[in-house]
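Below is one structure, written out as structure tokens, with a few remarks after it.
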Protein chains: 2
Amino acid sequence: MAQDGAVTEAPPDVRADTRARIQQAALELFARTGFEQVTADEIADAAGISRRTFFRCFATKADAVWGEFGAHVDRLERLLAATRDDQPVLASICAAYVEVNDYAAEDLPILRQRMALILGEPALQAHSQVRYADVDRVVAEHVARRTGQAPDALLPRLVATSTRAAATTAFEVWLADGTTTLAAALHAAFEQLALGFPGLRTPPARP
Amino acid sequence: MAQDGAVTEAPPDVRADTRARIQQAALELFARTGFEQVTADEIADAAGISRRTFFRCFATKADAVWGEFGAHVDRLERLLAATRDDQPVLASICAAYVEVNDYAAEDLPILRQRMALILGEPALQAHSQVRYADVDRVVAEHVARRTGQAPDALLPRLVATSTRAAATTAFEVWLADGTTTLAAALHAAFEQLALGFPGLRTPPARP
DNA sequence: TGCCGGGTGGCACTCGGTGTCACTAACGTG
DNA sequence: CACGTTAGTGACACCGAGTGCCACCCGGCA
């Protein structure tokens with residue numbers, strides 16, 4: 001089925017192709033009906049494959065939403081490794097986050113769909129913690145290199161988790177707002193973080 | 001079975017009693033064999049109840065580890081509500097976190113066991129995100145009150161997520177270290193956060 | 001005595017995820 | 001051409017987390 005042509009398409013990885021088809025089908029079903037409501041069989045049917053094949057391409061239903069997130073983490077790691085030492089640490093992390101999330105305009109709708117699911121569906125929120133752990137590890141190692149501390153010391157860990165918190169918060173406001181760009185939201189969040197939340201020190205007014 | 005005595009023990013809530021027994025049994029099994037390795041039937045057997053009753057007392061295997069976390073969130077909310085307005089916002093949040101996590105010395109071993117599981121077992125890390133969401137909501141509402149912003153604006157959300165990141169990081173170093181107190185770790189993390197990570201601005205030395 | 005309500009156990013069921021095996025198509029080599 | 005190899009696949013059985021349902025037991029109450 002769907003064996004379109006025989007020589008028209010070069011078959012580099014059959015696997016990567018089915019992965020993409022599954023992802024697309026899953027994302028659409030999730031967006032329409034909700035993550036928990038969609039069963040693995042339904043995704044398999046929609047993608048024209050068997051349930052078993054689905055779980056061979058994605059270890060988890062949730063992984064079908066995250067897509068090629070591992071590649072993003074690798075890219076983040078490379079960007080951080082290429083950082084110049086005279087740049088402030090937080091600025092280098094912010095720049096890396098912005099760069100990694102610099103999507104082309106035509107990819108933004110899919111990104112919105114994906115992030116709305118990840119940030120909105122409880123089951124996906126839960127799963128995200130595991131993926132974030134990889135990000136945190138990469139960032140913590142970067143901070144450790146820059147400060148000469150151990151990667152599991154307080155400061156590297158803290159910088160990693162709070163910058164990631166800033167990034168996800170930026171994603172949330174970007175998703176909810178719709179008028180600002182993702183880069184602007186990221187910069188705003190990192191600025192608050194780097195300056196110790198100056199926004200907290202200016203209450204309405206203090207008599 | 002285990003119907004010890006008839007009048008010796010006043011039965012205020014049968015449910016709360018079995019909850020406690022289940023929790024104890026589950027925590028011990030998890031600590032010994034690992035969270036994923038222990039089956040719900042085994043916990044039920046160890047606690048002397050049926051599998052069905054286990055899932056009536058705890059909606060999830062993970063919930064047996066978290067115990068009465070909802071009560072902690074409620075307490076955090078009350079503490080934040082009772083905050084004086086002339087105290088800096090971050091300081092009030094830090095104080096509330098310290099207060100909520102001010103365990104008696106005899107409870108520390110159980111706390112260590114519990115937190116080692118929550119922070120170490122991937123399945124529990126994932127589940128934790130859902131519980132943290134409640135904490136974040138409470139803190140964000142506090143910040144929103146103090147700053148006059150909407151609870152879902154950037155700053156309240158950001159402060160909530162990054163202070164919670166600071167708290168969990170403090171828990172991690174406290175757990176790994178063993179020499180510092182939890183309160184000290186929390187204060188150290190919040191201080192870094194409030195001052196914009198001064199530790200980042202003093203690299204080994206800059207020639 | 002009979003009724004009632006909460007805690008319980010047993011059972012069947014759904015669904016996510018895994019291990020295993022057989023099948024098929026593509027490929028290189030004799 | 002026949003052959004073995006390999007990757008991708010589908011079918012099936014299986015495990016474990018949860019859930020819905022019903023029957024049971026027991027203490028309280030009219």
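Each chain gets a letter, A, B and so on, in the order its sequence line appears, and its residues count up from 1. Hydrogens, waters and symmetry mates are skipped; everything else that's a heavy atom, side chains included, is used.
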Worksheet item: Please walk me through it: do A:L79 and A:Y97 pass side chain to side chain contact (heavy atoms under 4.5 Å, CB included)?
Response: CA-CA 9 Å; A:L79 285 169; A:Y97 265 111; over 6 Å; no

Round to the nearest Å and state the distance from [X] atom [atom1] to [N] atom [atom2].
X: B:D63; N: D:dA17; atom1: CG; atom2: P; answer: 14 Å
X: B:F58; N: D:dA17; atom1: CZ; atom2: C1'; answer: 16 Å
X: A:I43; N: C:dC15; atom1: CD1; atom2: P; answer: 12 Å
X: A:D41; N: D:dA11; atom1: CG; atom2: P; answer: 11 Å
X: A:F54; N: C:dC15; atom1: CZ; atom2: P; answer: 14 Å
X: B:E36; N: D:dG18; atom1: CD; atom2: P; answer: 11 Å
X: B:D45; N: D:dG16; atom1: CG; atom2: P; answer: 13 Å
X: B:R19; N: C:dG7; atom1: CZ; atom2: C1'; answer: 15 Å

Worksheet item: Between B:T60 and B:D63, is there a donor-acceptor pair closer than 3.5 Å when you use the side chain of the first and the backbone of the second?
Response: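 Not at all, since once roles are kept as given, no pair shorter than 3.5 Å links the two residues.
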
Practice prompt. Mind listing the closest non-hydrogen atom pair of B:K61 and B:A40 along with its distance?
Written response: CD-N, 4.5 Å

Check this one for me: any side-chain N or O of [X] less than 4.0 Å away from OP1 or OP2 of [N]?
X: A:T18; N: D:dG8; answer: no
X: A:S50; N: D:dT9; answer: no
X: B:T53; N: C:dG9; answer: yes

Item to complete: Using only heavy-atom distances, decide whether a donor-acceptor pair under 3.5 angstrom links the side-chain of B:R52 to the base of C:dG7.
Response: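 No pair found.
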
Discussion item. Can you tell me whether the side chain of B:R51 and the base of D:dG18 have a donor-acceptor pair closer than 3.5 Å?
Written reply: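 Side chain to base: pair present.
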
Item to complete: Please tell me which of the listed nucleotides, C:dT8, D:dG10, C:dC15, lies nearest to the side chain of B:R56?
Response: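 Among C:dT8, D:dG10, C:dC15, the one nearest the side chain of B:R56 is C:dT8.
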
Item to complete: Calculate, to the nearest 0.5 Å, the distance between atoms CG and CZ belonging to A:N101 and A:R75 respectively.
Response: 8.5 Å

Worksheet entry | Distance, nearest 0.5 Å, that separates CG of A:L175 from CZ of A:R114 |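 Nearest 0.5 Å value for the CG-CZ distance: 13.0 Å.
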
